Protein chains: 2
Amino acid sequence: MTTRRDAVHDTLRQSEGFRSAQDVYAEMRLHGAKIGLTTVYRALQALADKGQVDVLRTDDGESVYRACETDTHHHHLVCRRCGRTVEVAGPAVERWAEAVGSEHGFTEITHTVEVFGTCASCSSCPVPAGTG
Amino acid sequence: MTTRRDAVHDTLRQSEGFRSAQDVYAEMRLHGAKIGLTTVYRALQALADKGQVDVLRTDDGESVYRACETDTHHHHLVCRRCGRTVEVAGPAVERWAEAVGSEHGFTEITHTVEVFGTCASCSSCPVPAGTG
DNA sequence: CCGGATTTTGACAACCGTTTTCATTTTGGC
DNA sequence: GCCAAAATGAAAACGGTTGTCAAAATCCGG
């Protein structure tokens, strides 16, 4: 049964940016869901395997997940203050990656790209939105 | 004082690709160095802070380090089979990152880019070089 | 060189996110 | 209802990393 997995997916869909497994778990419990941490992890992994969610590693090694808004290859522009995320397509990067790869004789090229920045609202605000 | 840190740095310089802290530690001990794991971690962090080594997170959350060959901003092209690494400059990516960032009103843009592929020798070899 | 303050070191424990284990529960087929 | 297979989840195990804290090394003024 995929009830739990769907619930996890739904929780992710309701979220704005990337959420950690523990985060998702905590929220689901708050909403009264009867689910275990283990199951959340498994659901998230399964979802990621099927390409239905994006996975990112934070700098401190934590995995964060987000329901994809598009089903095509894309990258993320993440606000380092409030976590706001924009999915961006980057044909230029795809081509660049392919180019540098083949330039050095590499094949089956894949790449990970994350762009971080401070979003407009956070730039004009002295304290992080949602943190202060 | 900085003797240990230098030793750590040297060990990294002698390495071809990225090495984990534990890896570096193990090698140093093999070579007879009297040093503790904690110190290796601290040295690596210090080195990374000073920009003297590159840091990467592997997919399983481990931090791997490598002595920089260039002191300017660059990215990595990593062979997923043998780990061979090439440092690549990518003005195109830098510009692209800046562009997508400002396009969405983001400032202070930084980015992480990793390109993975299978290098020439590994492509022509049925088993991973150095693993089989 | 001496004494004391400061920094560095490293063995070990603590942390924390993640994964595994394994017994229990749920589900599907008959 | 009954059995086999899959899912679940509490708790333990895991593994990399970080913190603790006492001992050792270093620095510095005298």
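Because the structure is predicted, anything quoted here is derived from the model rather than measured. Throughout, protein chains are lettered first and strands after them, A, B, ... in sequence-line order, and every chain is numbered starting at 1.
- A:Leu30 shares a hydrophobic cluster with no other residue; no ILVMFWY side chain has heavy atoms under 4.5 Å from its own.
- Here D:dG16 presents its P atom at 14 Å from CG of B:Leu44, a figure rounded to the nearest Å.
- Listed by chain and residue number, B:Ser63 satisfy the side-chain contact (heavy atoms from CB on, under 4.5 Å) test with B:Arg57 (two or more places apart in sequence, or in another chain).
- The shortest distance between the side-chain N/O atoms of B:Gln45 and the OP1/OP2 oxygens of D:dT18 is below 4.0 Å.
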What are the atom names and distances for every N/O pair under 3.5 Å that joins the protein to nucleotides 11-14 of chain C?
unit_1, atom_1, unit_2, atom_2, d
C:dA11, N6, B:Thr38, OG1, 3.1
C:dC12, N4, B:Thr38, OG1, 3.2

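- Closest to the side chain of A:Tyr41, from the set D:dT17, C:dT19, D:dG9, is C:dT19.
- Atom CG of B:Asp23 is separated from atom P of D:dG15 by 16 Å (rounded to the nearest Å).
- With a 4.5 Å cut-off on side-chain heavy atoms, B:Arg5 and B:His9 do not count as touching.
- Contact annotation: B:Thr39 side-chain N/O to C:dT9 OP1/OP2 distance is not under 4.0 Å.
- Nucleotide D:dG9 holds its C1' atom 11 Å from the NZ atom of A:Lys34, rounded to whole Å.
- Here the P atom of nucleotide C:dT19 and the CD atom of B:Glu62 are 14 Å apart, to the nearest Å.
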Distance-only donor-acceptor pairs under 3.5 Å for side chains of residues 32-46 of chain B, two or more places apart:
unit_1, atom_1, unit_2, atom_2, d
B:Tyr41, OH, B:Gln22, NE2, 3.0

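- B:Ser63 comes within 4.0 angstrom of the backbone, heavy atoms only, and of no base.
- Taking hydrophobic clusters as Ile, Leu, Val, Met, Phe, Trp and Tyr residues chained together by side-chain heavy-atom distances below 4.5 Å, B:Met28 shares a cluster with B:Leu47.
- If you check C:dT18, D:dT8, C:dT9 against the side chain of B:Arg4, the one that comes closest is C:dT9.
- In this structure A:Asp23 satisfies the salt bridge (charged side-chain N to carboxylate O under 4.0 Å, His left out) test together with A:Arg19, sequence neighbours excluded.
- In the helix from C:dC1-D:dG30 to C:dC30-D:dG1, the terminal helix axes, each the rotation mapping four pairs' C1' atoms onto the next four within five end pairs, subtend 20°, rounded to 10°.
- Applying the side chain to side chain donor-acceptor pair (under 3.5 Å) test to pairs two or more places apart or on separate chains, those with a residue in residues 94-105 of chain B are B:His73-B:Glu94, B:His75-B:Glu94, B:Glu94-B:His111.
- Counting heavy atoms from C-beta on, the side chains of B:Phe106 and A:Leu77 come closer than 4.5 Å.
- If you measure from atom CE of B:Met28 to atom C1' of C:dT9, you get 13 Å, rounded to the nearest angstrom.
- Distance CG (A:Asp6) to C1' (D:dA7): 14 Å, rounded to an integer number of Å.
- With sequence neighbours excluded, no residue forms a side-chain contact (heavy atoms from CB on, under 4.5 Å) with A:Ala99.
- A straight line from CD of A:Gln22 to P of D:dA10 spans 14 Å, rounded to a whole angstrom.
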